[in-house]
Amino acid sequence: MRIGHHLRAVAIALTLAIPAFAQAPAERGWPQWRGPTGNGVAPNAKPPTEWDATRNIRWKAQVPGAGHATPVIWGERIYLLTAAPVAEGGTAAQPPAKGGPRASDAHAGPTPQEAPPSGERRDRRPTGPPRSETPDEALAFTVLSLNRADGRTLWQRTVAQERPHEGAHPTATFASASPVTDGERVYAFFGSRGVYCLNLEGNIVWSRRFGMMRTRNSFGEGASPALYGDTLVITWDHEGDDFIVALDKRTGQERWRQSRDEPTTWSSPRIIEVGGKPQVITAGTNQCVAYDLSTGEPVWRTGGLTANVIPSPVYQDGLVILMSGFRGAAIKAIRLDRARGELGAGHEAIAWTADEKTPYVPSPLLANGLLYYFDNNRPILSCRDAKSGELRFGPERVDGLENVYASPLAANGHVYLVGRSGQTTVIREGPSYEVVAVNRLDDEFSASPAAVDGELYLRGRQTLYCIAAQ
């Protein structure tokens, strides 16, 4: 049936104006990095606050290879990315035994060698960056689909099989960008190995490659793609020519591309509707820039953050907050309804700033007007009023938590703080620090958690845990 030009224009406008993941059942899922709200909040989830190896573990699933991409969840399926050494016959090898190389968070990039584990002191700073070695064998870059009910693998598709051209930080992985899904297709970005669109049966619909990244000190790659309506956005910030590109999610064809001038950045873009028009907001060391989603033209820009920008922007009630915390500390809160052109010091669009105790690897959590974030990768938590920037509590040391790469998660009035040593501390959501529970598993958690319905998902070194009340 033919649609009139007016109705066609309205339909296109509505498609662009509403993010694919903002519609049911995405609100009850985890369709992208940082969840359905983009802020680390699971608005309809009610996961347990207590568990251990023998209690409230619904299932555990072994995951081949290494990858700290957050699992994404839609309906009854989970989607994961991993990179595994290729065994004979072209299949992914089994996970390494515990005690092998450690791996980092999705979006982690480098780990700050300046930040010793909790309780330790370091008398001097390191003389150089940690060593990065190029793998001497090919890797299988793979997308997996698991059944939510029991963790059973439904399918796994190796989309690329090759030896990486450069190494990664000793705590990084080659599958660190989280996928995104709209419930019809899954979009997996493996950086230099390309972006792939798969249908829900695991078949490749289209793919694109953009060349080879040269990351700072070969620390690795990790920025996740962003999906809004029928547009997929990817940033490509490295030590070569930088750009941001928008693709048609149905075909992979470019809609626009803009050059950027940034060192390696691991922060993922955020797409936010402002006055009926979506903007792509990016954090950077040199500049933070917002682009018009439909044209790619810059809408506003402001000064950059610190070196090695990793945390992703968060947004609520007209305010976007950008931050980073390597070799310095920076937070910028921007009023989007006033943001146009150059936002210099004192511009009315800049709501507030701060310059202490900000995160290096973990992204912040923005829940019900409160901004939670760690100090560098240390288990030291602060909470601010997002609107005013006023400190509500902290810096507060989270006892027992060691080295934090995973980003905080909020669900059902609680905040989940996950450390690399296997501990998850649960605190009460609110303007004061109150511990509700401390949970430990014999694993290492760097990937950020996800929560759906009554379930919490934690991805360890080689195991995905579904935590639910028994």
Side-chain angles (χ1 to χ4, degrees), residues 31-33 61-74 77-95 103 106-107 134-135 137-147 152-168 172-213 215 220-227 232-236 238 245 247-254 268 447 459 462 464:
Q32 60 169 356
W33 163 241
Q62 294 295 300
V63 180
H68 290 274
T70 297
V72 298
I73 301 142
W74 188 288
R77 292 192 177 189
I78 302 166
Y79 303 99
L80 280 175
L81 306 189
T82 190
V86 176
E88 292 185 10
T91 58
Q94 291 302 308
H107 315 79
T134 303
E137 59 186 335
L139 300 179
F141 297 88
T142 303
V143 184
L144 297 95
S145 175
L146 279 63
N147 188 316
R152 175 172 45 91
T153 298
L154 301 174
W155 53 258
Q156 65 180 62
R157 172 71 64 182
T158 295
V159 297
Q161 186 172 300
E162 61 190 72
R163 179 174 176 262
H165 64 290
E166 67 177 17
T173 76
F174 290 94
S176 287
S178 297
V180 60
T181 182
D182 57 7
E184 297 178 356
R185 295 175 179 178
V186 179
Y187 304 87
F189 183 45
F190 286 99
S192 296
R193 267 56 63 182
V195 57
Y196 298 85
C197 170
L198 294 85
N199 63 23
L200 300 189
E201 287 70 50
N203 300 313
I204 297 174
V205 178
W206 57 259
S207 64
R208 290 289 305 274
R209 297 188 70 150
F210 302 104
M212 294 294 180
M213 278 191 174
T215 61
E221 307 169 12
S224 298
L227 178 64
L232 187 73
V233 177
I234 290 170
T235 52
W236 189 271
H238 66 139
V245 62
L247 307 176
D248 185 317
K249 76 169 187 179
R250 297 161 297 190
T251 65
Q253 295 299 307
E254 284 194 20
S268 301
R459 183 176 186 175
Q462 52 191 330
L464 178 66

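The side-chain heavy atoms of Val72 and Trp33, taken from C-beta on, include no pair separated by under 4.5 Å. Residues Gln32 and Leu227 have side chains not in contact (no heavy-atom distance under 4.5 Å, counting atoms from C-beta outward). Residues Trp206 and Leu247 form a side-chain contact, since some pair of their non-hydrogen atoms from C-beta on lies under 4.5 Å apart. Residues Tyr79 and Leu154 are not in side-chain contact: their nearest non-hydrogen atoms beyond the backbone lie 4.5 Å or more apart. The shortest distance between side-chain heavy atoms of Met212 and His238 does not fall below 4.5 Å. No side-chain heavy atom of Val180 sits under 4.5 Å from any side-chain heavy atom of Phe189. Side-chain contact between Gln161 and Arg193 is absent, with no heavy-atom pair separated by less than 4.5 Å. Using a 4.5 Å heavy-atom cutoff, the side chains of Val86 and Thr158 are not in contact.
Side-chain N or O atoms of Arg208 include one that pairs as donor or acceptor with a backbone N or O of Gly252 at under 3.5 Å. With hydrogens and angles ignored, the 3.5 Å screen pairs a side-chain donor or acceptor of Arg459 with a backbone N or O of Ala69. Thr153 places no side-chain N or O within donor-acceptor distance of the main-chain N or O of Trp155, the cut-off being under 3.5 Å. Checked by atom type and distance alone, the side chain of Ser178 pairs as donor or acceptor with a backbone atom of Thr70 at under 3.5 Å.
The only option from Ser192, Ser176, Pro164 that meets the side-chain contact (heavy atoms from CB on, under 4.5 Å) definition with Glu221 turns out to be Ser192. Paired with Arg157 under the rule side-chain contact (heavy atoms from CB on, under 4.5 Å), one option of Leu198, Val186, Leu144 passes, and it is Leu198.
Across all their heavy atoms, Tyr196 and Ile204 have their closest contact at CD2-CD1, 4.3 Å. Across every non-hydrogen atom of Pro225 and Ile234, the tightest pair is CB-CG1, 4.0 Å. The minimum heavy-atom distance linking Pro71 with Leu80 is given by the pair CB-CD2, 3.5 Å. Nearest heavy-atom pair, Gly65 versus Ala84, reported as atom, atom and distance to 0.1 Å: CA-CB, 3.5 Å. When all heavy atoms of Ala188 and Leu81 are compared, the closest pair comes out as CB-CD2, 3.6 Å. Contact between Phe174 and Ala83 at its shortest, heavy atoms only, is CB-CB, 4.0 Å.
Expressed to the nearest 0.5 Å, how far OG of Ser145 lies from CD of Glu201 amounts to 9.5 Å.
A side-chain N or O of Thr215 and one of Glu166 form a donor-acceptor pair less than 3.5 Å apart.
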